[in-house]
Number of protein chains: 2
Amino acid sequence: MAFRVTAFDVAQRAGVTQPTVSRALNGSPKVSDETRAKVLQAAQELGYVINQNATRLRRGETMTLAVVLIGRAGESATETNPFYFSLLGSVAAAATARGYNLLVSFQDSPENFFGQYDDARQADGMIVIGTTQNPEAWAYFRGLDHADKAWVCWGAPDDDLRWVRSENEGGGRIAARYLLDCGRKQPVFIGARTSQQRQFGERYEGFAEELRSAGIVATAIEVDETLSREEQGVEAVRSLLQSGQAFDAIFAACDLTALGVLRALSDSGISVPEHVSVIGFDGIRAGNYSSPPLTTIEPDFQQAGDLLVQNVLNRIAGEPLTERRVPVQLVKRGS
Amino acid sequence: MAFRVTAFDVAQRAGVTQPTVSRALNGSPKVSDETRAKVLQAAQELGYVINQNATRLRRGETMTLAVVLIGRAGESATETNPFYFSLLGSVAAAATARGYNLLVSFQDSPENFFGQYDDARQADGMIVIGTTQNPEAWAYFRGLDHADKAWVCWGAPDDDLRWVRSENEGGGRIAARYLLDCGRKQPVFIGARTSQQRQFGERYEGFAEELRSAGIVATAIEVDETLSREEQGVEAVRSLLQSGQAFDAIFAACDLTALGVLRALSDSGISVPEHVSVIGFDGIRAGNYSSPPLTTIEPDFQQAGDLLVQNVLNRIAGEPLTERRVPVQLVKRGS
DNA sequence: TTGAAAGCGTTACCAA
DNA sequence: TTGGTAACGCTTTCAA
């Protein structure tokens, strides 16, 4: 930990006072070009970089957003739903574009729940994403939801939180339309419609709605919410087959579930898409590599990141929330 | 942005002075239990949280590590090699375990290259991970490598940087042994042995070494480093087939390449593992969903995160680097 | 065991 | 346009 250069050192070298250094480096218009040049050169020569802790203490703002990624308890890094990593990347891009830093934490159990980044002045706002399969975590964050706290989440188990979500109903309709266009007559929805994950219910609604308009009554297989998303797909196919119910298409609530479905169908000797069409939701990369590649409904990730950041910045500024629905599109692959 | 509670407010309520509040909250032994209890209660009642900017300014340390994830220029969030997301998750876990926060940034082009987190007192150290397919980024970070800077990277194109890596040679040997045990006689390595990614060369070395001890001369298909990892696999299979060279096994330098290989073989009507065995390296989740599921060499992610964090903390403390090789293991799946 | 006071390195206000 | 000075909210040294 070497000697650190301060604005005073730069000031001395440039032959000005320290506040002038500050003004010059912050692009204040009330500093002469000549002075600015001197300061810039001195700063360069000394390798001076503004100490952000001092800046933040003084300004009261951190230019940092905290991102909390909620995982299932005990989940390892490889087990995290890749969807949230993509979301994280998009949020990072959107934050960077607006000049914000990102403080990231992975939280999965009560010992490490923490959401007071604002109070601690570590961040100006917070974005919470991740699985709804960790009710304790969501309970914790809901407890933080005081009126003056700037935070926004993705998905959210409860409608009263400030969320950004996919256009789930529209996506559900697109999925239904796609399966109908494939000539399917007996589509089944697999996923926890009534789960903590409100988005699943929305997807089902759109799906059922579109089928209804085609004169078809949607059926759904409820799943055990304590299983992993993938196992939910496997189990659902198992119970579907056991029930003897006829089906020729499956709309899975999310891609991981769909990949489980694909595996279970394959294990049962049912070929996709010959016998059964399968469509998922999320657009995760792994869907590219399944056999057949997974057809899916993919949200616009860039928009997702943008809207999350934009909404939390609006909260910080005390402005109202803006658009909170992320458009989705059909990605046709092989299933 | 409401009124913020300070240690003075807590002090007043508790009937002590502000420094006592600080001592009590920081667990100083030189404060009476009675006083501490009063302070804690007052803090609780007021919802007081220590302002980290003030703490950091005063202490000079941030208890934060910066993680830079380098991507290919223009790469979107879904295109990032999921291996790095797993690594990020592991680093996050290791950092949290040691009481450190994580500042994360995704960097892919010169406009957003930034590595002066230490100078700016935004972090005490830095961990750089991500693709070696962005030479400008690595050139930038190499330029930062002054003797007193605390940063460590994963992989690294150059041996002179401070890196943590997989046990690549050992992994290469395991891959060769596995293929030999499958009864394969003509294994081929696919990947850029001489690429910026030094780890690939190491994997090849171990692979060739083990084959040599079995009396087999390793062959390798060089690839175009400007292609994506996956396309590298596709192209390599294409040129392998064109060359007419006989082969019955492929060791791909990384899993994404292996997935490309799998796809290309499938497209050519070559069945895996009947005609050709395929093994990759990285242990990414998508390998679970390919057809057949991808056999691979997987590094111990937890250790990887641990070693990265541990080494950067050692650098901060001015201590020597510790162990820098992450153990790997064979993950047999279907290929 | 506690209090008084200094200081971390900026930004911003007020004068000049 | 620049300089002097206060203030941001803590931690730490020194006295009591």
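So that the names make sense, note that chain A is the first sequence line, chain B the second, and so on, each numbered from 1.
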Report yes if a side-chain nitrogen or oxygen of A:Asn51 is closer than 4.0 Å to either non-bridging phosphate oxygen (OP1 or OP2) of C:dC8; otherwise report no. no
Grab the CZ-C1' distance between A:Arg59 and C:dT11 for me, whole Å please. 7 Å
Nearest-Å distance, CG (B:Asp9) to P (D:dG9)? 9 Å
Which atom pair, heavy atoms only, marks the closest approach of B:Arg142 to B:Asp160? CD-OD2, 4.5 Å
Just to confirm, is there a sub-4.0 Å distance from OP1 or OP2 of D:dG9 to any side-chain nitrogen or oxygen of B:Thr6? no
What parts of residues 34-44 of chain A reach DNA chain D, counting only heavy atoms under 4.0 Å away? A:Thr35
Pick the nucleotide of DNA chain C nearest each of A:Ile50 and B:Ser32; which residue has the one closer to the 5' end? B:Ser32
Taking the nucleotide of DNA chain D with the closest heavy atom to each, which residue, B:Lys30 or A:Val31, is nearer the 5' end? A:Val31
When you check the side-chain N and O atoms of A:Thr62 and A:Asp124, is any donor under 3.5 Å from an acceptor? yes
Could you check which residues of residues 12-25 of chain B get a heavy atom under 4.0 Å from DNA chain D? Sort them by number, please. B:Gln18, B:Pro19, B:Ser22, B:Arg23
Yes or no on ring pair (Phe, Tyr, Trp, His ring centres under 6.0 Å) for A:Phe301 and A:Phe83, after CA distance, side-chain angles and deciding distance? CA-CA 10 Å; A:Phe301 281 100; A:Phe83 175 81; 5.5 Å; yes
Atom CG of B:Leu57 and atom C1' of C:dG7 are separated, to the nearest Å, by 9 Å
Is it the case that C:dT10 (base atoms only) and A:Arg58 (side chain only) share a donor and an acceptor within less than 3.5 Å, ignoring hydrogens and angles? no
Between A:Glu45 and A:Arg13, does at least one N-O distance fall below 4.0 Å, as a salt bridge requires? yes
Is the NZ or CZ atom of B:Arg324 both under 6.0 Å from the centre of the six-membered ring of B:Trp163 and within 45° of that ring's axis? yes
Determine, step by step, whether B:Arg198 and B:Asp159 satisfy the side chain to side chain contact (heavy atoms under 4.5 Å, CB included) criterion, reporting the C-alpha distance in whole Å, the side-chain angles of both residues, the deciding distance to 0.1 Å, and the verdict. CA-CA 8 Å; B:Arg198 276 289 298 130; B:Asp159 284 337; 3.4 Å; yes
Do A:Gln107 and A:Ser105 meet the criterion of a side-chain donor-acceptor pair at a distance under 3.5 Å? yes
Atom-pair distance (CZ on B:Arg56; P on D:dC10), nearest Å: 13 Å
Any salt bridge between B:Asp9 and B:Arg4, counting N to O under 4.0 Å? no
Looking at every strand, decide which applies to B:Asn53 at a 4.0 Å heavy-atom threshold: base, sugar-phosphate, or nothing. nothing
Quick one: closest heavy-atom pair of B:Arg121 and B:Ala123, and the distance? NH1-O, 3.2 Å
In whole Å, I'd like the distance from the CE atom of B:Met63 to the P atom of D:dC10. 18 Å
Can you measure B:Asp118 atom CG to C:dG9 atom C1' for me and round it to whole angstrom units? 16 Å
